[in-house]
Peer 1: 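To start, I am sharing the structure in question, which I have written as structure tokens.
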Amino acid sequence: AIAYNNLGNALKDYGKIESSIKAYEKCLSLKTDYAEAYNNLGLVLKIKNELDKAIKAYKKCIALKPNFAEAYNNLGNALTNLKKFDEAIEVYQKCISLKPDYANVYSNMGIAYKDQGKYDEAIEAFEKCISFKTDYAEAYINLGITYKNKDEFDKSIEILKKCIKLKPNYAEAYYNLGNVLSLQGKLDEAIEAYNKCISLKPEYDIAYNNLGIALSDLNKIDEAIEAF
């Protein structure tokens, strides 16, 4: 059974999702109480966007191994993807009770709060995440977006610039910085941020769109058309 679980992991890493699922299912047919294999099966089902099946796998894992913090985190993520935010937060809180310094869970819980408009709770969760993992760039981005959603633009810019300092080649940070600068009417700075984003990630379509809007607002029509 262990060999099939390891095979499933290797196939997942190579992007062979269907084959990976078959390997985990074979593993579980040989060892029906293999909690980790259920967790791994849930991960590949989530990649396929088969979220209900993934949730079932995570719950099976937790039933077998009630103190498996990672499985609670993964279950919470699947519930968040289904916009079942209250359920997700409850699961994340259970995870934190098992592993209080699990930075990733605080970040994921922050996303669940942010996506349902509970911005103060989201900020608290992202800041808690960063207190455990000070270089967690993704948490800084989401914290910056949350402050933007609260119309606290200066604070958002401060956070996003801190993120860029931590991870200078992070295209998403420049994109979000451009968005906040645009809202402030600082269009030249916004354009600079969007261009930096695009130089780092040339396939970032929405950055071209927002760049075009900023250029258009400055009456740079030819440049805007080129961006669109």
Side-chain angles (χ1 to χ4, degrees), residues 46-47 49 76-77 80-85 88-89 92 103-228:
K46 185 173 180 286
I47 291 168
N49 209 35
N77 292 345
T80 296
N81 288 150
L82 287 174
K83 301 191 186 305
K84 295 182 177 180
F85 299 122
I89 288 162
Y92 291 137
N104 191 31
V105 180
Y106 285 104
S107 178
N108 293 333
M109 186 162 66
I111 291 166
Y113 278 128
K114 174 176 70 69
D115 288 354
Q116 63 179 159
K118 293 184 176 178
Y119 298 135
D120 291 335
E121 292 90 337
I123 287 167
E124 188 180 342
F126 291 132
E127 287 180 342
K128 191 76 173 172
C129 167
I130 290 163
S131 75
F132 287 118
K133 192 174 180 184
T134 55
D135 61 347
Y136 202 140
E138 292 81 0
Y140 279 102
I141 278 198
N142 283 310
L143 181 58
I145 291 168
T146 306
Y147 275 115
K148 182 201 77 175
N149 292 348
K150 287 190 73 183
D151 295 333
E152 295 186 28
F153 299 138
D154 288 340
K155 185 68 176 175
S156 177
I157 287 167
E158 178 193 329
I159 297 291
L160 291 167
K161 285 183 174 176
K162 195 175 284 187
C163 176
I164 287 164
K165 194 172 180 181
L166 284 169
K167 197 172 178 181
N169 295 325
Y170 199 1
E172 285 81 359
Y174 286 102
Y175 167 73
N176 283 290
L177 178 61
N179 290 346
V180 184
L181 290 165
S182 290
L183 288 168
Q184 285 193 316
K186 297 177 179 176
L187 296 176
D188 287 324
E189 290 178 59
I191 287 162
E192 189 180 336
Y194 290 135
N195 279 325
K196 181 66 177 176
C197 167
I198 290 162
S199 73
L200 292 167
K201 196 172 181 181
E203 72 279 10
Y204 208 142
D205 291 342
I206 196 167
Y208 287 99
N209 182 68
N210 290 4
L211 172 62
I213 292 167
L215 288 163
S216 179
D217 288 345
L218 284 176
N219 290 318
K220 297 184 177 181
I221 306 302
D222 290 341
E223 289 178 62
I225 290 166
E226 191 178 333
F228 287 129

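Side chains are part of it too, since the values below use all heavy atoms of this structure and drop only hydrogens, waters and symmetry mates. The residues of the chain are indexed from 1 along the displayed sequence.
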Peer 1: I would like to know whether Y136 and N104 meet side chain to side chain contact (heavy atoms under 4.5 Å, CB included); could you show each step before the answer?
Peer 2: CA-CA 9 Å; Y136 202 140; N104 191 31; 2.6 Å; yes
Peer 1: Rounded to the nearest 0.5 Å, how far apart are CZ of F85 and OH of Y113?
Peer 2: 12.5 Å
Peer 1: Do Y194 and N179 come close enough that some side-chain heavy atom pair is under 4.5 Å?
Peer 2: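 Sidechains of N179 and Y194: in contact.
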Peer 1: Over all heavy atoms of both residues, which pair between A122 and T146 is shortest? Give the atoms and the distance, please.
Peer 2: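 Shortest heavy-atom separation between A122 and T146 comes out as CB-CG2, 4.0 Å.
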Peer 1: Check whether any side-chain heavy atom of K150 lies under 4.5 Å from a side-chain heavy atom of I123, and answer yes or no.
Peer 2: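 Yes - at least one pair of side-chain heavy atoms lies under 4.5 Å apart.
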Peer 1: Could you state the interatomic distance from CG (N210) to CG (D205), rounded to the nearest 0.5 Å?
Peer 2: 11.0 Å
Peer 1: Ignoring hydrogens and angles, state whether a donor on the side chain of Y147 or D154 is under 3.5 Å from an acceptor on the partner side chain.
Peer 2: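 D154 and Y147 do not have a side-chain donor-acceptor pair below 3.5 Å.
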Peer 1: Does any part of the side chain of K196, heavy atoms only, come nearer than 4.5 Å to the side chain of I164, both counted from C-beta?
Peer 2: no
Peer 1: Please check if the side chain of S182 supplies one atom and the backbone of G178 the other of a donor-acceptor pair under 3.5 Å.
Peer 2: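 Checking the backbone N and O of G178 against the side chain of S182, a donor-acceptor pair under 3.5 Å is found.
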Peer 1: Less than 6.0 Å separating the ring centroids of Y204 and Y175?
Peer 2: yes
Peer 1: How about NZ on K165, more than 12 heavy atoms from neighbouring residues, nucleotides or ligands closer than 6.0 Å, or not?
Peer 2: no
Peer 1: Is atom NZ of K128 surrounded by more than 12 heavy atoms (other residues, nucleotides or ligands) closer than 6.0 Å?
Peer 2: no
Peer 1: What is the minimum heavy-atom distance between A207 and C197, and which atoms define it?
Peer 2: CB-SG, 3.8 Å
Peer 1: CD of Q116: more than 12 outside heavy atoms within 6.0 angstrom?
Peer 2: yes
Peer 1: Test Y140 against L160 for side chain to side chain contact (heavy atoms under 4.5 Å, CB included), laying out the working first.
Peer 2: CA-CA 7 Å; Y140 279 102; L160 291 167; over 6 Å; no
Peer 1: Side chains of Y106 and S131: is there a donor and an acceptor less than 3.5 Å apart?
Peer 2: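 Per modelled atom types, Y106 and S131 side chains form no pair under 3.5 Å.
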Peer 1: With a 4.0 Å cut-off, would you call E172 and K201 a salt bridge?
Peer 2: yes
Peer 1: What do you reckon, is CD of E152 surrounded by more than 12 foreign heavy atoms closer than 6.0 Å?
Peer 2: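 Correct, the count exceeds 12.
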Peer 1: To the nearest 0.5 Å, what is the distance between CG on N209 and CD1 on I213?
Peer 2: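 With rounding to 0.5 Å, CG (N209) is 4.5 Å from CD1 (I213).
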Peer 1: Let me see the working for T80 and M109 under side chain to side chain contact (heavy atoms under 4.5 Å, CB included), right down to the final yes or no.
Peer 2: CA-CA 9 Å; T80 296; M109 186 162 66; over 6 Å; no
Peer 1: May I ask you to decide whether K167 forms a salt bridge with E138, counting only side-chain N to carboxylate O separations under 4.0 Å?
Peer 2: yes
Peer 1: Can you confirm whether the side chains of N81 and K46 place a donor and an acceptor under 3.5 Å from each other?
Peer 2: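 Yes, K46 and N81 have a side-chain donor paired with an acceptor closer than 3.5 Å.
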Peer 1: Kindly give the heavy-atom pair with the smallest separation between I141 and C163, and that separation in Å.
Peer 2: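 So the two residues come closest at CG1-SG, 3.7 Å.
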Peer 1: Grab the two heavy atoms, one from N142 and one from K114, that are nearest each other, plus how far apart they are.
Peer 2: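 Answer, listing the atom of N142 first, then K114: OD1-CE, 3.5 Å.
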Peer 1: Determine the minimum heavy-atom distance between L200 and P168, stating which atoms define it.
Peer 2: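 Closest approach of L200 to P168, heavy atoms only: CD1-O, 4.1 Å.
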Peer 1: To the nearest 0.5 Å, what is the distance between SG (C129) and CG (L143)?
Peer 2: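 The SG atom of C129 sits 9.5 Å away from the CG atom of L143.
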Peer 1: Rounded to the nearest 0.5 Å, how far apart are CD1 of I198 and OH of Y208?
Peer 2: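 If we round to the nearest 0.5 Å, I198:CD1 and Y208:OH are 5.0 Å apart.
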Peer 1: Whether the Y174 and N169 side chains hold a donor-acceptor pair (N or O, under 3.5 Å, no angle test) is what I'd like checked.
Peer 2: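 Checked: Y174/N169 side chains show no N/O donor-acceptor pair below 3.5 Å.
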Peer 1: Hey, what do you get for CG (L187) to CG (L215), rounding to the nearest 0.5 Å?
Peer 2: 9.0 Å
Peer 1: If I compare all heavy atoms of A112 with all of I89, which pair ends up nearest, and what's the gap?
Peer 2: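 Shortest heavy-atom contact: CB-CG1, 3.9 Å.
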Peer 1: Going by atom types only, do Y92 and N108 share a side-chain donor-acceptor pair under 3.5 Å?
Peer 2: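 On atom types as modelled, these side chains do not qualify, holding no pair under 3.5 Å.
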